[in-house]
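Read the structure below first, then the notes.
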Amino acid sequence: NAGVTQTPKFRVLKTGQSMTLLCAQDMNHEYMYWYRQDPGMGLRLIHYSVGEGTTAKGEVPDGYNVSRLKKQNFLLGLESAAPSQTSVYFCASSRELNEQFFGPGTRLTVL
Amino acid sequence: AQSVTQLDSQVPVFEEAPVELRCNYSSSVSVYLFWYVQYPNQGLQLLLKYLSGSTLVESINGFEAEFNKSQTSFHLRKPSVHISDTAEYFCAVSGNYKLSFGAGTTVTVRA
């Protein structure tokens, strides 16, 4: 099993550009999550999904959109990137209210 | 809603010395508690978890944490650290399909 994978690993954007981060899991987990990690702030939840076709807002959803068209994939979109979105983004999945499995992260820089 | 406070942002420690990382949580419902570790430039890995039962939980690499309901704490300890324990450690509490993370504690082990 690959676990949780994220694409791409690194990306540099200019202000105003758009992009999509892809998260895939092969563990048949129902729940999937997108976090951002910034120095001194831990991980903050952006959006999450409790099943295929469902999404919900987390702590810091502004400027991001998500989609869960297939159970194994969870996409995070930035429609118009801003420098404040420079961060490391982590995807995670879990079966229930239990251990979350994390991907390796995507390092995004917005200039 | 739940929240987590990690009381120390940085903990320097000498090799073979003990270490304690403090974590306090607040929640209005029954909780599951977790400690995750993040090695440099990697994703988060589960270190140990408390779901129910014995309040003392242990990891395979010598860490232990004790759930104290009256003090709403879940402190992490290791009696003798190694250089390889240098990492960032995150305490997390679950509820309502989500995890809430503390800001993290950076442990630096010196020879």
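A note on names: the letters A, B, ... follow the listed sequences, proteins ahead of strands, and every chain is numbered from 1. These numbers come from a predicted model, not from an experiment.
For chain A, the nearby part of Glu88(B) is the side chain; its heavy atoms alone come within less than 4.5 Å. Contacts between Gln6(B) and chain A at a heavy-atom distance below 4.5 Å are absent for every atom of the residue. Using a 4.5 Å cut-off between heavy atoms, Leu43(A) contacts chain B through both its backbone and its side chain.
Counted within 6.0 Å of CZ on Arg110(B), heavy atoms from surrounding residues, nucleotides or ligands total 12 or fewer; the atom is thus considered open. Crowding of Gln42(B) atom CD: a count of heavy atoms from other residues, nucleotides or ligands under 6.0 Å exceeding 12. Arg44(A) CZ: more than 12 foreign heavy atoms inside a 6.0 Å radius. By the neighbour-count criterion of 12 heavy atoms within 6.0 Å, atom CG of Leu111(A) is densely surrounded, having more than that number from other residues, nucleotides or ligands.
Tested against Phe102(A) for a ring-ring contact (aromatic ring centres under 6.0 Å, His included), the candidates Phe34(B), Tyr36(B), Phe90(B) yield a single pass: Tyr36(B).
Shown here for Lys98(B) and Tyr48(A), the closest heavy-atom pair between the two residues is CD-CE2, 3.5 Å. Across all their heavy atoms, Phe90(A) and Gln38(B) have their closest contact at CZ-NE2, 3.3 Å. Residues Ala103(B) and Gly40(A) approach most closely at CB-O, 3.6 Å, considering heavy atoms.
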Test Gln37(A) against Phe101(B) for side-chain contact (heavy atoms from CB on, under 4.5 Å), laying out the working first. CA-CA 11 Å; Gln37(A) 183 180 26; Phe101(B) 286 86; over 6 Å; no
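Both Leu108(A) and Val60(A) are part of a single hydrophobic cluster, where members link through side-chain heavy atoms under 4.5 Å apart. Note on Leu46(B) and Leu21(B): separate hydrophobic clusters, where clusters join Ile, Leu, Val, Met, Phe, Trp and Tyr whose side-chain heavy atoms are under 4.5 Å apart, directly or indirectly. Val107(B) and Leu7(B) are assigned to two separate hydrophobic clusters, defined by single-linkage of ILVMFWY side chains at heavy-atom distances under 4.5 Å.
The line from CD of Gln100(A) to OG of Ser94(B) is 8.5 Å long, rounded to the nearest 0.5 Å. Annotation: the span from Leu99(B) atom CG to Tyr35(A) atom OH amounts to 4.5 Å, rounded to 0.5 Å.
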